[in-house]
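Have a look at the structure below, then the notes.
We name chains A, B, ... by the order of the sequence lines, and we start the count at 1 in each one. Given the structure is predicted, the values throughout are model-derived calculations rather than measurements.
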Amino acid sequence: MKPSRFKKPFSIAALLAGLTVLLSGCSDQYPVLNPVGPVGQEELHLIKLSTVLVAIVIIPVLILLAIIVYRYRDKKGNTAPYQPNWDHSTKLEYLWWGIPIVIIAILGTFTAKSTFSLTKPPVESADIKPLVIQVTSLDWKWVFTYPDQKIATVNYAEIPAGVPVQFQLTADSPMNSFWIPALGGQEYAMPGMDMRLWLQADKIGTFDGNGANFTGEGFAHMDFKVVSKSEADFNAWVSDVKKNSPALTVDGYNKLTEKGTAEPQTFSSYPEGLYENTVDKNGGMYMKHDMSNMSGMENMPSMAK
Amino acid sequence: MDSIKQFASTFFVTGDPMIYGADVSIVLVSVAILFYLTKFKKWGWLWREWLTTVDHKKIGIMYLIAALLMLFRGGVDAILMRIQLAAPNMKFLESQHYNEIFTTHGTIMILFMAMPLIFAMFNIVVPLQIGARDVAFPFLNAVSFWLFFMGAMLLNLSFVIGGSPDSGWTSYPPLSELGFSNGPGENYYLLSILISGIGSTATGINFLVTILKMRAPGMKLMKTPMFSWSVLATCIMILYAFPALTVALILLFIDRIGGAHFFTLTGGGNPMMFINLFWIWGHPEVYIVILPAFGIFSEVVSTFSKKRLFGYTSMVLALVSISIIGFFTWVHHFFTMGAGADVNAFFAIATMAVAIPTGVKVFNWLFTMFRGRISLTQPMLWTLAFIPCFAIGGATGVMLSVAPADYQYHNSYFLIAHFHQVLIGGVVFGMFAGLYYWWPKMFGFKLNDRLGKWSFWLWNIGFYVCFMPQYALGFMGMTRRIYVYGWDRGWAPLNMVSTIGAFLMGIGFIVMVWQIIYSIKHGERDTTGDPWGGRTLEWSIPSPAPLYNFAEIPVVKSRDAWFEMKEEMAQPGYQKKPVHIEPIHMPKNSGIPFFMAVFFFIGGFGAVFEWYWMAIPGLIGIFACLFARSFQYDTDYYIPVEEVEATESALGRL
């Protein structure tokens with residue numbers, strides 16, 4: 001039996017099948033591959049670029065492997081050359097030190113460029129005033145507070161399409177990671193820290209989000225929906241929430257921090273400085289230097305838990 | 001009476017029928033072992049031949065048995081998880097149970113399966129390959145093994161007594177701190193890894209010294225076989241990496257039992273310190289387990305292509321550069337934790353750079369086969385399966401290293417698929433290749449070919465069926481460590497496929513165990529000591545090797561020392577040199593390593609439950625063992641010439 005003859009085509013087929021799925025996943029089921037905003041698109045661009053660059057090495061390796069194993073198999077009457085003492089070729093070895101170095105140099109350059117650019121709001125919407133949403137990870141639900149609109153939500157968020165959103169992330173629980181694959185990559189929500197993530201939706205729609213870093217028993221139930229609407233609809237939603245939803249009180253928030261899962265909720269207001277105080281009480285007070293852009297928070301009323 | 005009941009219900013894990021099943025089977029297996037040992041009067045044999053041995057070959061075999069048992073345990077964990085994830089809204093496992101299982105799966109597979117498996121190969125092969133009679137510190141070697149073993153037992157005990165750890169094998173604070181993870185589970189994790197970690201560090205020292213100081217005369221560093229080179233590079237990494245883990249775990253332990261705040265922000269500590277320290281060990285750790293596999297592939301490819309290893313110098317350079325660059329990549333495990341763009345860019349590029357020497361190694365293996373004569377033996381099959389699998393796994397690794405893209409991959413099933421592909425396709429396939437290759441050297445017979453091929457194909461097909469869908473699931477937004485998911489996100493079909501693949505691998509493992517059992521009786525015997533046409537010194541001695549390995553220490557002239565010797569012998573007019581045998585200096589067996597590890601276990605178990613009445617005597621016992629050893633002067637002996645001659649002529653070597 002010569003299993004290798006079956007194995008090579010199989011593994012190549014597996015690779016191709018894999019690549020096809022990776023590159024052509026063309027339905028809503030593959031949000032990472034069909035991002036609806038500039039952040040996700042930039043990341044997708046890098047995913048595609050890196051796939052192509054690694055394929056330049058991988059595909060020849062697989063083909064070479066198949067050819068070599070077939071051609072040089074130990075079989076009577078095999079006429080292929082046999083040079084048992086040939087163990088070195090400076091030229092060839094330069095070649096395969098060189099090619100990966102070039103590929104890594106190209107990929108490294110693009111990577112560094114995007115890493116820097118993603119810390120800023122998307123370039124194309126630079127002159128649009130961003131929306132700020134503060135996100136707090138609790139055991140086991142997400143609380144969203146809108147500092148400009150003064151409303152709050154649980155496990156549900158609405159955003160205006162075409163407007164860059166600055167998510168500020170923290171946790172009042174073990175660290176989690178905040179991920180909306182259709183909009184772009186994730187960032188950790190960590191207790192005592194105030195993390196930043198830029199995202200933007202260019203289309204109207206409803207997108208899935210979830211926690212990506214394990215936080216304990218109810219972690220699997222920390223999925224939420226993000227609804228992207230036209231700016232007018234978004235504003236209408238805000239006024240509706242202000243008018244018709246209950247207020248989130250200090251007691252109400254403290255109830256939310258208790259372990260358990262939650263249904264989506266909306267609140268017409270929330271205690272002032274809720275997010276800032278959450279950061280502070282979890283250790284943010286030791287990390288003031290990281291929060292230079294949160295002026296005035298020192299004067300906020302402290303929230304007793 | 002009520003207080004006893006109360007104690008028992010928290011001490012023993014209760015309420016889950018699967019745990020009761022495990023309880024029963026543990027008791028039954030223990031009784032069966034005790035019965036067997038007593039009935040056949042094997043206690044003395046067990047004590048003299050195994051528990052007190054300092055022979056590297058026997059220690060290697062014990063590592064191997066323990067690693068295969070742990071592979072079984074970790075594999076059962078994997079199957080349970082895959083059953084739970086096979087379909088949406090499964091009720092097979094509770095959240096708590098699932099969390100414990102994925103935590104122990106990761107901990108066991110990395111620390112109690114992969115590590116002992118590579119140590120098994122170190123022990124079995126390195127001294128034989130470099131022409132030595134044992135490792136540099138045989139007593140310490142036994143200490144290492146027993147510490148690993150007791151550490152593994154401690155962790156495995158957790159699922160029936162006290163409860164398993166449940167905050168992931170990475171155990172990030174604050175989740176792993178008091179308040180979020182009370183109870184003994186997390187303590188089990190910390191202490192079992194700390195205890196076995198002492199053993200791992202000692203093994204690193206031991207083999208570093210062995211390779212540097214005990215090579216046969218004439219074996220310059222650049223003439224050392226590639227597997228031994230890979231072990232050398234690995235040991236250096238162990239020495240730099242493991243202290244970071246030890247420190248991280250001790251600090252977390254002090255946080256937990258001493259009320260310190262090293263990793264809690266509210267007390268002025270910082271959890272990021274744990275995460276950094278953990279991965280300063282954790283990333284080198286994956287190279288620690290893969291480099292020996294690279295060494296094995298180099299040996300296997302050369303032997304079964306009947307050709308010298310291509311680009312030896314490049315291979316050494318690649319090993320050394322991986323072991324250095326490997327220490328500058330750890331931040332890629334948390335690109336998404338808000339490090340600045342400059343930090344992320346640096347670690348992204350350093351991570352990609354690891355692909356360069358790795359790629360070089362793949363090309364050198366290909367060109368070792370090029371213009372060779374390839375025979376598809378079992379070790380070679382695993383090697384050939386490794387190349388495409390690892391190439392794809394490496395490619396997805398480079399994709400993951402692109403920091404901004406990683407924001408989309410991080411903690412998703414894309415990541416899960418990637419690291420399983422490099423760890424299974426790389427480490428496990430590598431260790432299997434080594435296992436089949438050196439099996440005759442260990443036991444004197446080959447493993448059955450037909451069963452081996454069944455196992456090989458089940459493993460391989462199972463692997464791709466299990467893990468290829470997981471890449472796609474990552475793009476669908478599925479994250480790791482969720483025990484349940486709904487219908488709405490479309491993850492169901494691919495998860496089902498993945499579960500089928502896991503079962504195929506499980507069947508592959510069972511066939512492999514059956515292959516071993518079958519071959520003990522029916523395997524092809526190796527009477528020559530050189531069943532594969534080997535090229536390095538371990539094939540120059542009988543299988544299994546005698547206690548002292550080499551009756552006369554060989555003199556090495558070239559890289560493929562044994563191959564050259566065989567060529568010399570084949571020359572017409574070759575005169576066999578008379579063997580010159582002298583008394584052989586050997587270390588004496590000792591029970592101290594075993595007892596010391598038992599005290600570590602007792603102390604560790606006491607510390608898990610914070611029972612100082614138990615932990616402190618354990619600690620005293622450890623020091624008593626150290627004390628006893630330092631006043632032991634009669635630690636070695638000589639095998640007389642007559643005995644060596646008798647053994648050698650019985651083996652047909654004189």
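For B:Met272, the part lying under 4.5 angstrom from a heavy atom of chain A is the side chain only. When heavy atoms are compared at a cutoff of 4.5 Å, B:Ser181 does not approach chain A at all. Interface remark: A:Leu118 contributes side-chain atoms only to the contact with chain B (heavy atom separation under 4.5 Å). Interface residue A:Glu93: only side-chain heavy atoms are found under 4.5 Å from chain B. At a 4.5 Å heavy-atom cutoff, the contact between B:Ile275 and chain A is made by side-chain atoms alone. Contact of B:Ser321 with chain A is made through the side chain alone, with heavy-atom distances under 4.5 Å. Heavy atoms of B:Tyr172 lying under 4.5 Å from chain A belong exclusively to its side chain. Interface residue A:Val32: backbone and side-chain heavy atoms are both found under 4.5 Å from chain B. Heavy atoms of B:Leu309 lying under 4.5 Å from chain A belong exclusively to its backbone. For A:Lys113, no part lies under 4.5 angstrom from a heavy atom of chain B. With a 4.5 Å cut-off on non-hydrogen atoms, A:Trp179 touches chain B through its side chain but not through its backbone. Both the backbone and the side chain of A:Ser114 come within less than 4.5 Å of a heavy atom in chain B. Proximity to chain B (any heavy atom under 4.5 Å) is shown, for A:His45, by neither the backbone nor the side chain. Heavy atoms of A:Leu92 lying under 4.5 Å from chain B belong exclusively to its side chain. Residue B:Phe102 touches chain A through its side chain alone, counting heavy-atom pairs closer than 4.5 Å. Using a 4.5 Å cut-off between heavy atoms, B:Val360 touches chain A through backbone and side chain atoms alike. A:Ser89 touches chain B through backbone and side chain together, each having a heavy atom under 4.5 Å away.
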Legend entry - Residues B:Phe367, A:His88; criterion ring pair (Phe, Tyr, Trp, His ring centres under 6.0 Å); working and verdict: CA-CA 9 Å; B:Phe367 275 75; A:His88 177 65; over 10 Å; no

Inset, instruction - Go through the steps for A:Tyr30 and B:Phe475 under the test ring pair (Phe, Tyr, Trp, His ring centres under 6.0 Å), then give the verdict. - result: CA-CA 5 Å; A:Tyr30 292 89; B:Phe475 286 126; 7.3 Å; no

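Put simply, of A:Pro81, A:Pro100, A:Gly108, the one with the most heavy-atom pairs under 4.5 Å next to chain B is A:Pro81. Heavy-atom pairs under 4.5 Å with chain A were tallied for B:Asn344, B:Asp342, B:Asp560, B:Thr170; the largest tally goes to B:Asp342. Ranked by heavy-atom pairs under 4.5 Å with chain B, the list A:Met195, A:Met222, A:Glu187 is led by A:Glu187. No other option in A:Asn210, A:Asp139, A:Asp223, A:Thr119 has as many heavy-atom pairs under 4.5 Å with chain B as A:Asn210. When each of B:Met478, B:Met352, B:Glu177, B:Glu94 is checked for heavy-atom pairs under 4.5 Å with chain A, B:Met352 comes out on top. Between chain B and the residues A:Leu64, A:Leu107, A:Ile180, A:Thr215, the largest count of heavy-atom pairs under 4.5 Å involves A:Leu107. With chain A as the partner, the residue from B:Ser314, B:Ser302, B:Ser167, B:Ala391 showing the most heavy-atom pairs under 4.5 Å is B:Ser314. Looking only at heavy-atom pairs under 4.5 Å with chain B, the residue among A:Leu49, A:Asp87, A:Val54, A:Thr115 that has the most is A:Asp87. Among A:Ala80, A:Ser117, A:Ala112, A:Ala189, the residue with the largest count of heavy-atom pairs under 4.5 Å with chain B is A:Ala80. Contacts with chain A were tallied for B:Met380, B:Lys307, B:Met476, B:Gln408; B:Gln408 has the most, counting heavy-atom pairs under 4.5 Å. Contact tally against chain A (heavy-atom pairs below 4.5 Å) for B:Gly486, B:Gly168, B:Ala341, B:Ala405: the top residue is B:Ala341. Options B:Gly268, B:Pro173, B:Ala348 differ in how many heavy-atom pairs under 4.5 Å they form with chain A, and the most are formed by B:Gly268.
With a 4.5 Å cut-off on side-chain heavy atoms, A:Met175 and B:Pro271 count as touching.
When the ring pair (Phe, Tyr, Trp, His ring centres under 6.0 Å) test is applied to B:Tyr485, the partners found at least two apart in sequence or on another chain are B:Trp491. For A:Phe219, the ring pair (Phe, Tyr, Trp, His ring centres under 6.0 Å) partners two or more places apart in sequence, or in a different chain, are A:Phe214.
Here the two rings, on B:Phe335 and B:Tyr407, have centers that are 6.0 Å apart or farther. In summary, the aromatic rings of B:Phe467 and B:Phe463 are positioned with their centroids under 6.0 Å apart. The aromatic ring centres of A:Phe178 and A:Phe167 sit less than 6.0 Å apart.
A:Lys91 NZ to A:Tyr94 OH: the interatomic distance, rounded to the nearest 0.5 Å, is 12.5 Å. Within the model, atoms CZ of B:Phe363 and CD1 of B:Ile387 stand 11.0 Å from one another, a figure rounded to the nearest 0.5 Å.
Without hydrogens or angle criteria, B:Lys306 side chain to B:Gly372 main chain gives no donor-acceptor distance under 3.5 Å. Judged by distance alone, with hydrogens and angles left aside, the side-chain atoms of A:Ser173 form a donor-acceptor pair with the main-chain N or O of A:Ser137 at under 3.5 Å. In this structure, A:Asn78 contributes its side chain and A:Arg71 its backbone to a donor-acceptor pair below 3.5 Å.
With 3.5 Å as the limit, one finds a donor-acceptor pair spanning the side chains of A:Ser177 and A:Gln186.
The minimum heavy-atom distance linking A:Ile58 with B:Ala395 is given by the pair CG1-CB, 3.7 Å.
Counting non-hydrogen atoms of other residues, nucleotides and ligands closer than 6.0 Å to CZ of B:Phe180 gives a total above 12.
Just one of B:Phe304, B:Phe386, B:Phe370 meets the ring-ring contact (aromatic ring centres under 6.0 Å, His included) condition when paired with B:Trp365; it is B:Phe386.
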